[in-house]
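Okay, so here's the structure we're looking at.
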Amino acid sequence: MAIEKTFIMVKPDGVKRQVVGDIIDRFERRGFELKGAKLINVPRELAEEHYAEHKERPFFGELVEFITSGPVFAMVWEGENVIKLARIMMGATKPEESQPGTIRGDYAVTISENVIHGSDSPASAEREISLWFGEGLA
Ligand code: DGI
């Protein structure tokens, strides 16, 4: 299995609830390496570009409002199979399916305010890392 990079973001609810430290700790303990990190207020255009695949969904406006509602903590993590393993660590999108022990299963009860984003494939990881951090980290 090749070494990969993935894009992980603590959403505004996670930053407000001060779980950034715990999330970094979980990734470090698992054995992944932090390659980039920044706390940012997300410009609307960046939010819309990030969630472009959901543009036609009824919750798109709400999604953009939420992600621009306060600072997010954007990160790039590297390691073996990190894209898939990070998704497992995050837990499922639907709160009734996210298991205790996962980040969402430990911290979230709604589908929209769900603490964390992580790239769902190698193609999205590449796209999201360049979108948020530029070509230098990809
Ligand atoms: O990759 P995920 O974040 O697990 O899920 P996704 O890519 O399918 O959706 C992106 C985000 O959009 C998700 O974290 C929360 C929000 N979302 C997804 N499905 C719904 C939703 N928000 C609302 N309000 N309703 C939905 O059905």
Side-chain angles (χ1 to χ4, degrees):
M1 175 60 70
I3 301 295
E4 301 174 332
K5 288 190 185 68
T6 194
F7 174 72
I8 299 291
M9 167 171 63
V10 183
K11 298 184 182 181
D13 57 330
V15 172
K16 277 196 199 89
R17 291 171 60 190
Q18 302 186 287
V19 299
V20 169
D22 174 66
I23 290 171
I24 291 175
D25 191 43
R26 288 174 187 236
F27 279 84
E28 286 188 335
R29 277 190 278 139
R30 189 78 194 259
F32 297 126
E33 195 180 329
L34 185 62
K35 303 301 281 188
K38 56 184 177 186
L39 183 76
I40 58 169
N41 286 297
V42 186
R44 176 164 293 267
E45 313 77 67
L46 176 57
E48 288 176 354
E49 184 63 31
H50 174 75
Y51 282 127
E53 67 171 303
H54 296 300
K55 215 171 178 66
E56 306 307 324
R57 310 280 284 276
F59 56 86
F60 181 72
E62 201 182 300
L63 204 51
V64 171
E65 283 307 312
F66 173 54
I67 215 72
T68 54
S69 68
V72 303
F73 194 70
M75 296 172 277
V76 174
W77 286 92
E78 183 178 85
E80 200 164 302
N81 206 13
V82 69
I83 301 170
K84 186 175 275 177
L85 294 180
R87 295 283 301 181
I88 295 169
M89 290 163 71
M90 283 164 52
T93 314
K94 291 186 181 159
E96 64 272 26
E97 289 170 8
S98 56
Q99 301 298 314
T102 65
I103 293 162
R104 287 170 171 171
D106 287 347
Y107 291 124
V109 290
T110 67
I111 195 164
S112 46
E113 302 206 357
N114 60 7
V115 179
I116 188 166
H117 166 87
S119 310
D120 63 4
S121 68
S124 356
E126 203 178 317
R127 184 184 82 87
E128 292 170 1
I129 292 169
S130 357
L131 182 64
W132 290 82
F133 286 92
E135 299 299 331
L137 273 183

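Because the structure is predicted, anything quoted here is derived from the model rather than measured. Order of listing sets the numbers, starting from 1, for every ligand and every atom in it.
Ring geometry, W132 versus H50: the interplanar angle exceeds 60°, so the pair is classed perpendicular (tilted spans 30 to 60°).
With a 4.0 Å cut-off on non-hydrogen atoms, K11 touches ligand 1 through its side chain and not its backbone. Residue contacts with ligand 1 for H54 involve side-chain atoms from C-beta outward but no N, CA, C or O (heavy atoms, distance under 4.0 Å).
In the candidate list H117, R87, R57, R87 is nearest to atom 1 (O) of ligand 1, counting heavy atoms.
Partners of R127 by side-chain contact (heavy atoms from CB on, under 4.5 Å), not counting sequence neighbours, listed by chain and number: E49, L131.
The heavy-atom pair separating I111 from K94 by the smallest distance is CD1-CG, 4.2 Å. Closest heavy-atom contact between A47 and V42: N-CG1, 3.8 Å.
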Kindly list each side-chain donor-acceptor pair under 3.5 angstrom involving residues 55-72, sequence neighbours excluded, with atom names and distances?
{"from": "R57", "atom 1": "NH1", "to": "H54", "atom 2": "ND1", "distance (Å)": "3.1"}
{"from": "E65", "atom 1": "OE2", "to": "R44", "atom 2": "NH2", "distance (Å)": "2.7"}
{"from": "T68", "atom 1": "OG1", "to": "V64", "atom 2": "O", "distance (Å)": "2.8"}
{"from": "T68", "atom 1": "OG1", "to": "E65", "atom 2": "O", "distance (Å)": "3.1"}
{"from": "S69", "atom 1": "OG", "to": "F66", "atom 2": "O", "distance (Å)": "2.6"}

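Ring centroid separation for the pair W77 and F27 comes in under the 6.0 Å cut-off.
In this structure, the protein non-hydrogen atom closest to atom 24 (N) of ligand 1 is E62 OE2, 3.3 Å. Scanning the protein heavy atoms around atom 17 (N) of ligand 1, the nearest turns out to be F59 CE1, 3.4 Å. For atom 2 (P) of ligand 1, the closest heavy atom belonging to the protein is T93 OG1, 3.6 Å. Among protein heavy atoms, atom 15 (C) of ligand 1 sits closest to I111 O, 3.1 Å. Closest to atom 12 (O) of ligand 1 among all protein heavy atoms lies L63 CD1, 3.2 Å.
In this structure, M89 CE and L85 CG are separated by 8.0 Å, a value rounded to the nearest 0.5 Å.
Judged by the shortest distance from any of its heavy atoms, R104 lies inside the 4.0 Å radius around the atoms of ligand 1.
Each of the atoms 13 (C), 14 (O), 15 (C) of ligand 1 lies under 4.0 Å from some heavy atom of N114.
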